[in-house]
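What follows is a set of notes on a single structure, which appears directly below.
Letters A, B, ... mirror the listed sequences (proteins, then strands); counts begin at 1.
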2 protein chains.
Amino acid sequence: MRISQLSAESGVPIPTIKYYLREGLLPQGEQTSATRAEYGQAHLRRLRLIRALLEVGRLPVASIRKVIDAVDDENLGVHQMLGTAHYALSPGVEPHEESPDWQEAREMVDQLIADYDWKIEPKAPAREELAQTIVTLRTLGTDPTLADLTPYATAAQTLVQTHEIHKIPFDAPRETTVEAHIIGTVMYGRVLDTIRRLAQESESARILAPQTP
Amino acid sequence: MRISQLSAESGVPIPTIKYYLREGLLPQGEQTSATRAEYGQAHLRRLRLIRALLEVGRLPVASIRKVIDAVDDENLGVHQMLGTAHYALSPGVEPHEESPDWQEAREMVDQLIADYDWKIEPKAPAREELAQTIVTLRTLGTDPTLADLTPYATAAQTLVQTHEIHKIPFDAPRETTVEAHIIGTVMYGRVLDTIRRLAQESESARILAPQTP
DNA sequence: GTTGGTTGGACAGTAATGCTATCCAACACA
DNA sequence: TGTGTTGGATAGCATTACTGTCCAACCAAC
């Protein structure tokens with residue numbers, strides 16, 4: 001498959017594909033001559049993943065490259081590879097000042113993790129992210145307690161344990177495993193967010209809507 | 001309160017505050033002379049909300065303005081105001097080609113909404129968003145069925161009905177009501193997303209981590 | 001009354017991000 | 001022998017969210 005066909009099948013313009021190649025998101029095709037390269041199904045698949053992460057997952061290109069670098073690093077074991085990829089999917093929190101508010105928020109996060117007996121790396125970005133959200137909620141005047149967070153933790157745990165984790169083929173080839181992991185994290189993350197907004201609209205409408213029985 | 005104090009209390013630089021004023025995110029202060037304006041607690045509160053939506057909610061400035069315009073439009077009833085604000089919080093889907101894939105995806109969304117007996121406007125942006133995600137999941141090779149979506153719908157409905165909707169003071173002043181609504185949608189949306197990633201990491205670690213009992 | 005700092009308003013500039021556009025020589029295929 | 005495509009390189013562009021500079025008008029302190 002040449003680049004034009006790759007473009008036609010994926011719907012991605014050729015200059016954009018070249019850009020992804022430059023940026024290392026897409027592996028180079030197999031060179032057949034100085035000005036010819038051959039692309040295969042793997043490239044098409046990778047290209048679709050990139051577009052999914054960009055358009056649906058709204059991940060920056062730099063994060064996508066981190067994910068891909070983790071996959072392509074053969075030195076990493078599956079566990080490390082998944083961890084690296086997973087962390088790269090995290091939006092990330094810019095550095096912030098140390099303050100008692102932050103310390104308190106971090107303690108709440110630690111407590112939540114302990115309550116649910118979760119096994120989380122100390123440096124997991126989601127810890128800081130959650131702490132940031134708690135701090136922000138405080139400055140907004142609402143003061144979240146652990147009891148406000150547990151319903152979300154329970155819901156998340158149930159979803160992950162009963163529906164998501166079994167979809168990941170841990171014994172398949174590396175690339176298949178990460179891809180499933182990424183899809184589970186990003187795509188179903190958006191599914192959940194969107195569906196939650198539907199549920200909110202519906203509940204809000206039931207309470208407030210002008211009577212139309 | 002003058003602009004410098006507003007900046008000091010909020011931690012937002014003065015040029016940025018000026019920018020928000022220009023963009024209509026922040027209402028003008030009360031002019032006391034040609035080169036003096038007075039700001040109050042409402043401004044500080046609004047400023048914190050803007051930062052929360054930007055930093056935690058990752059909403060574009062244009063969307064924040066839509067939310068604020070809805071609040072400031074006195075012609076709108078509370079129901080309409082909440083709806084407009086809620087829709088502005090949606091990331092939005094760029095226009096796409098009509099195709100059987102999209103039709104099928106939309107039908108699946110309609111079916112889900114019907115199954116849960118949700119009351120959703122035909123033009124709700126979350127419909128198209130969910131359809132987009134379904135289409136994308138298809139191109140990625142996983143083929144989501146209604147049964148794959150229902151666990152998320154059940155979880156979302158439970159969260160919204162038992163924990164979120166009661167936090168919104170529907171009989172309070174408009175501004176208080178929308179603010180609570182926005183916080184519920186955006187901030188707790190992020191809480192859920194982040195906590196879900198924690199749960200994923202933990203489950204993944206339990207299955208894959210090198211044994212460290 | 002002078003002086004020094006602050007304010008609002010206007011406008012230009014900037015950094016990051018995700019593309020797009022153009023050019024070119026080297027092919028491949030008819 | 002021509003026609004078109006390719007890879008590689010480089011430059012340009014649109015958007016977003018600020019940031020920087022300038023200035024006359026002020027207010028408050030000395």
Side-chain angles (χ1 to χ4, degrees), chain A residues 1-40 43-44 46-68 88 91-95, chain B residues 1-40 43 46-68 88 91-92 94-95:
Chain A
M1 198 192 302
R2 283 161 302 170
I3 201 173
S4 56
Q5 204 185 340
L6 192 60
S7 168
E9 300 239 1
S10 64
V12 178
I14 291 179
T16 305
I17 295 178
K18 287 185 175 183
Y19 167 67
Y20 294 158
L21 287 165
R22 275 203 304 285
E23 294 295 311
L25 300 191
L26 200 58
Q28 300 291 339
E30 197 194 340
Q31 294 279 125
T32 61
S33 84
T35 63
R36 226 33 58 128
E38 188 68 15
Y39 302 91
H43 292 90
L44 188 53
R46 172 67 63 90
L47 194 46
R48 291 206 244 256
L49 181 62
I50 292 168
R51 298 301 284 196
L53 294 182
L54 276 171
E55 292 172 2
V56 178
R58 275 147 180 96
L59 283 185
V61 166
S63 301
I64 298 177
R65 188 170 40 210
K66 279 187 211 157
V67 174
I68 281 166
V93 170
E94 57 275 29
Chain B
M1 199 192 305
R2 283 161 302 168
I3 200 173
S4 55
Q5 203 185 340
L6 191 59
S7 168
E9 301 238 1
S10 63
V12 178
I14 292 179
T16 306
I17 295 178
K18 287 184 174 183
Y19 167 67
Y20 294 157
L21 287 166
R22 275 203 303 286
E23 293 296 310
L25 301 191
L26 200 58
Q28 301 290 341
E30 198 194 338
Q31 293 279 125
T32 61
S33 84
T35 63
R36 235 10 81 117
E38 188 68 15
Y39 302 92
H43 292 90
R46 172 67 62 91
L47 194 46
R48 290 207 244 256
L49 181 62
I50 292 168
R51 298 301 284 195
L53 294 182
L54 277 170
E55 291 171 4
V56 178
R58 274 148 180 96
L59 284 185
V61 166
S63 301
I64 299 178
R65 187 171 39 211
K66 279 187 210 156
V67 174
I68 282 165
E94 57 274 32

Provide, to the nearest angstrom, the distance between the [atom1] atom belonging to [X] and the [atom2] atom belonging to [N].
X: B:L6; N: C:dT7; atom1: CG; atom2: C1'; value: 13 Å
X: B:I64; N: D:dC18; atom1: CD1; atom2: C1'; value: 13 Å
X: B:I17; N: D:dA17; atom1: CD1; atom2: P; value: 17 Å

With sequence neighbours excluded, tell me which residues meet salt bridge (charged side-chain N to carboxylate O under 4.0 Å, His left out) with [X].
X: A:E38; result: none
X: B:R46; result: B:D72, B:E175
X: A:R48; result: none

**OP:** Search all heavy atoms of B:V67 against all heavy atoms of B:A88 and return the closest pair with its distance.
**Re:**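 Scanning both residues, the minimum pair turns out to be CG2-CB, 3.6 Å.
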
Original post:
So which pairs with a foot in residues 2-19 of chain B pass salt bridge (charged side-chain N to carboxylate O under 4.0 Å, His left out), sequence neighbours left out?
Top reply: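 Every pair satisfying salt bridge (charged side-chain N to carboxylate O under 4.0 Å, His left out) with a residue in residues 2-19 of chain B: there are none.
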
List the atom pairs, with distances to 0.1 Å, where a side-chain N or O of residues 56-63 of chain B and a protein N or O form a donor-acceptor pair under 3.5 Å, not counting sequence neighbours.
| from | atom 1 | to | atom 2 | distance (Å) |
| --- | --- | --- | --- | --- |
| B:R58 | NH1 | B:E55 | O | 2.9 |
| B:R58 | NH2 | A:G92 | O | 2.8 |

Original post:
Where along nucleotides 13-21 of chain C does protein come under 4.0 Å, by heavy atom, of base (B) or sugar-phosphate alone (S), with - for untouched nucleotides?
Top reply: -----BBB-

**OP:** Check side chain to side chain contact (heavy atoms under 4.5 Å, CB included) between B:Y20 and all other residues, then give those that pass, not counting sequence neighbours.
**Re:** B:V12, B:T16, B:L25, B:L26, B:L47, B:I50, B:R51, B:L54

Subject >> Pairs meeting criterion side-chain hydrogen bond (donor to acceptor under 3.5 Å, both in side chains) with involvement of residues 25-34 of chain B, two or more places apart >> reply: none

Please enumerate all protein N or O atoms sitting under 3.5 Å from an N or O of nucleotides 1-7 of chain D, with distances to 0.1 Å.
| from | atom 1 | to | atom 2 | distance (Å) |
| --- | --- | --- | --- | --- |
| D:dT5 | O2 | A:R36 | NH2 | 3.2 |
| D:dT6 | OP1 | A:S4 | OG | 2.7 |
| D:dG7 | OP1 | A:A37 | N | 3.0 |
| D:dG7 | OP1 | A:A37 | O | 3.4 |
| D:dG7 | OP1 | A:Y39 | OH | 3.4 |
| D:dG7 | N7 | A:K18 | NZ | 3.0 |

Original post:
Any donor and acceptor pair, going by atom type alone, linking the side chain of A:R65 with main-chain N or O of A:G24 inside 3.5 Å?
Top reply: no

Original post:
Do B:Y39 and B:I17 have side-chain heavy atoms sitting under 4.5 Å apart?
Top reply: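 When only atoms from C-beta onward are counted, B:I17 and B:Y39 do not touch, as no gap falls below 4.5 Å.
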
Subject >> Dot-bracket summary - DNA chain C, pairs being Watson-Crick or G-U whose distances fall under 3.5 Å, with | when paired to another strand >> reply: ||||||||||||||||||||||||||||||

